Every structure is written in C-alpha cells, then in structure tokens.
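Naming convention: chains lettered A, B, ... in sequence-line order (proteins, then strands); numbering from 1 in each chain. None of these values were measured; they are calculated from a predicted model.
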Amino acid sequence: MSTIRTVAAARSKDSIGQQALLQGWVRTRRDSKGGFSFIELNDGTCLANVQVIAPAELENYETVVKHLSPGSSITVRGTVVASQGKGQDTEVQAQSIELHGGADPETYPLQKKRHTFEKLREWAHLRPRTNTFGAIARVRNCVCRSIHDFFQENGFLYVHTPIITASDCEGAGAMFRVTTLDVDQLVAQREKVDWSRDFFGRPSFLTVSGQLEAEIFACALGKVYTFGPTFRAENSNTPRHLAEFWMIEPEMAFYDLNDNMTLAEDFLKRIFRDVLERCPEDMAFFNQFIDESHTLIDTLQGIIDSEFVRLSYTEAIELLQQSGETFEFPVQWGCDLQTEHERYLTEKKFRRPVIVYDYPAQIKAFYMRLNDDEKTVRAMDVLVPRVGEIIGGSQREERLDVLERRMTQLGLNPEDYWWYLDLRRFGTVPHSGFGLGLERAVQFVTGMANIRDVIPFPRTPGNAEF
RNA sequence: UCCCCUGUAGCUCAGCUGGUAGAGCAAGCGGCUGUUAACCGCUGGGUCGUAGGUUCGAAUCCUACCGGGGGAGCCA
C-alpha cells in the first residue's frame, strides 16, 4: 500500500483507507464549532480541491489551522476516508498539518470569489492558482503533448529552427531587432548605423517563422515539424494576437496541397480528441463556466466526427456574393477575405471548420505554388468558428524559374534568398506545409475569449510586466 | 494604427440635468453550523486613473496623457 501524494489521487474512491501526504495551497477554510475545520486544498494536479478535515486535537489547531487563509501553503499527513458530506466522494482526515507560508488575507490579492480575467492579467504571477488558469495550463500542456505525439507517431522529425535570424525577408510581418550595439550611443551620435559592427556582422532579428528553414530539412529528411516561439512586432491589439507566441510548422516533401489539407484536418482532430479524453474534468469546467452556450464539448466532438468543408477561394467568393448578407467590405474576386467574411462561412453557413484554398496570387506570399491558371496559388487557410484563421499553409513553389519570377514581381531580391533557391536548383521536390498558432488552438478548445489568457505571460504592445 | 466604450473601497459596481461618496462581496471581531460560492451581527476601509481647465462649487462638464475592454486592419 503506497502513500497517496496528489489531490487528484486523494479524490479517488480507490484511495479510501490509504495514507496520504499532500502538499499544496489552501483555497478556503471553514470552521465548525463542533471542534474541527474544513480545508479545501489544491495542488494543481486536478481542477478540484480535496476536503481536509482538521480536528481540534491537532497540536497546532488553535495557533495555526484556525488561521489558515486562502493562498497559504501546507503539508497535510492523514488518511483518505469516505466523505460524510455531500459534494465529494472522499476527504482526508488530517493527522498533522504543517504550514510553510501564510498569505495575509489583508493583502493577498486573490479572493474566494471570481475575479475578472482583466484583473487577473495584472496578477499574472498569482493567476495560475485559480481554477480557470490551472485548467488552461493543464489543457495547454495536453495540446503540446498531443502535437508531439501526432507528429512522432506519423514519422515526422522534430527540427529546431533558429530564433535569431539574419534574414529580414521572411515576409510574415514586422520583426523585432536583435542587437548588442549601444542604442543610446547610436542615437546620440546621430550617424547612420553600421550594422557590420553588430554582433552577427549584419542586421538580425527575432524569427517570425521557421518555415524557410523547415523547408531545408524537409527537402532532405522528408517530413519534419518545428515547434517554437515566434515574434511579431506588429502593433496588433486584438483578442487573437500576441507579439510572442508559439507556432507549430510541419513541412513535408512530396506532399501536394490536398495532402496538406488532409494532414491539417487529421492534426486538429487529433488534438481535440486527446483534450477531450485526457482532460475531461477541465473541459467540463470550460463547457460549464467559460462557454456561454455550454456547447464547447459538443462542438469539439462534432468536429471530430465530421469532415472539414473544403472550398476554393473562387467558390467562397460566390457563396458570399449569393449569401444575401450585407458586409461592411464588399465581396469581390481578388480581395482578401475579411474577418466578417470568414465568420460568415465558418459560423453561419457551415457551422464547422472550413478550409479555403487556391487564393489569388497577388494577395499571397511569394513561396506559394502558382496554379496553371497563373492567377491563383496553392494556399489554404483553415477557419474555425470564433477564432477565425487557425492554420495558414500552402504547397510551396518548387520550380526555380517560377519562384524567381514571383519574387521579382513582388519586389524581392532573389539574391537574398540564394540558399532557399538552391533547394530548387538541386534536387527540387514538390512540398507543402502549414503553420498552427498554439495559442489559437488552445483558445479554440478552451473557449477562452482572449488569447492573452491562454499563454502564461502574454506579450502585447506595451505589456511585458511579467 | 484607426473607431467606440471604460477607469469610484481589496474585488464587482451604483452615484440622474455639477452641491462635497454608497451597496454587495472580501477583510477584522463575535455568533452559529458535517461545512462546501456557508449563514447572521458589528467594525474598519476611498486626495473618485493622472495633469490641467471651466465654475462660488467637479466623481459628474471640457482638454491632454496613461491603463483596461470591444470592433477593424496586419496575421497564427
């Protein structure tokens, strides 16, 4: 018979009769003049607390136990017993309670009652101690594990692409500069900066995407994926954008766009399925307290059980034009789909994930493969209700001459991409890939409204306190 | 970056067309109870985001700045 060491285990009926050694944080304490106290203890191993019965016979009952306040850290030794009360199967009859650190109720910010998420963002160092943020941390972990499991089980190689990059031409948005030069001095001198004197001998930045480097490895090893931090210096202030976020980018040699779309669909379904299976308690919590319509779990299960809609950009434009909806932005072939258009398709028209593909060439990046019509490229976006674009990907242009032509058309200098073009010069292959924003995936499965609440320490314009 | 809303007690908010700040919860103390968003009573707690301005008088009106939220753009 082993000692129970987690709240999760102590809550199980199977543990009744066993010794327990639990360490965690007090959520609340209720005293009974009948001569004992109830302590709700949480240790992060599950959403729920375990109820600890602290009898008056404990030698520190009057001095310590009766003053335990929310946030205090304790070690409890006792026995798991069947609960006499309603609301829980088990409870722990304490034989000793040791206080590690108290939390002055006058100054401890977290109270028993619910706080707004906006207020909790100001206490990013304490919010993991709340139900919601504990659940988010566990689900986020589950999603990450599921991502690795999916790729590892399907023969993908995990490759690490650089975080600092010297190519300022990845084409995915504004970049943060990385420098060791003395900025104050440079400003004082008011001279043109000589970047050859900087650390890398050239301008360098934080990566906005590992795609181009992932292509290098895909064009040697077949199927690879990256999973790392990504940085965008855009001044974006929305519930769906972060300046620092985590991105997953698979890249596959010999995959065309259809293979790519199938992979994206299988991938998302796998994540949703794992989360429902491995985090049932947390997901039930989100379904009840976060999702206003209480349909989160049904929605995810529905997605797992059905097929994503696939429609070409041209078909999407026709659907939007025939929809009878009045949009703020007019719908016309050649314009990028606006948020309102994407929402109509995925939330109103189909009510499930929609993959739009074959976008006009002029609104997409240079590396996407040109179709024979010369007007569209083999791009795809996966749109889901509420969060919008969750995945963006494409089949890559593998033909050297076409790629060079596209770059020139878009005003890029092919010489800057000499190594990227070498992949087409030597043993080129058709290949495809996509990018999934981790936080958007977590946002989608948890139902959380703001992306700043699904990453432990959100970086947004003007905000890096923690 | 643009548009709209917002900032009052530890938290969530009320405070009308300007007259000098209030509730619930939390906290402290007391009571009661195998309790579980516990309950009942009492008590303490605020230069009303900041800086100017209008006025006899500003939480209230005006301006600027700062913070927060929603929408848009950029995207993942």
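In this model, a side-chain donor or acceptor of A:Q84 finds a partner on the base of B:rG34 within 3.5 Å. Within 3.5 Å, no donor on the side chain of A:E40 pairs with an acceptor on the base of B:rU35, nor the reverse. The base of B:rA37 does not come close enough to the side chain of A:R114 for any donor and acceptor atom to sit less than 3.5 Å apart. Contact of A:N49 with B:rU36 (side chain to base): no donor-acceptor pair of N or O atoms is detected under 3.5 Å. Residue A:E91 places a side-chain atom within donor-acceptor reach of the base of B:rG34, judged by atom type and a 3.5 Å distance cut-off alone.
For A:R11 and A:Q51, the side-chain atoms include no donor-acceptor pair closer than 3.5 Å.
Neither OP1 nor OP2 of B:rA37 sits under 4.0 Å from any side-chain N or O of A:R30. Taking 4.0 angstrom as the limit, A:N450 places a side-chain polar atom (N or O) nearer than this to OP1 or OP2 of B:rG70. Contact between the side-chain N/O atoms of A:T116 and the OP1/OP2 oxygens of B:rU12 is found at a separation under 4.0 Å. Dashed line: the shortest gap from a side-chain N or O of A:Q338 to OP1 or OP2 of B:rG73 is under 4.0 Å. For the OP1/OP2 pair of B:rG71 and a distance below 4.0 Å, the side-chain nitrogens and oxygens of A:T238 include no atom meeting the criterion.
Here B:rC74 presents its C1' atom at 10 Å from CG of A:D336, a figure rounded to the nearest Å. Put simply, CG on A:L383 is 12 Å from C1' on B:rC75, counting in whole angstrom units. In this entry the distance linking NZ of A:K119 with C1' of B:rC11 reads 8 Å, nearest Å. A:Q111 has its CD atom 12 Å from the P atom of B:rC25, to the nearest Å.
Using a 5.5 Å limit on the distance between ring centres and a 30° limit on the angle between planes, the aromatic ring of A:F245 counts as stacked on the six-membered base ring of B:rA76.
Between A:F205 and A:F231, a ring centre-to-centre spacing not shorter than 6.0 Å is recorded. Taking the centre of each ring, A:Y225 and A:H148 come in below the 6.0 Å mark.
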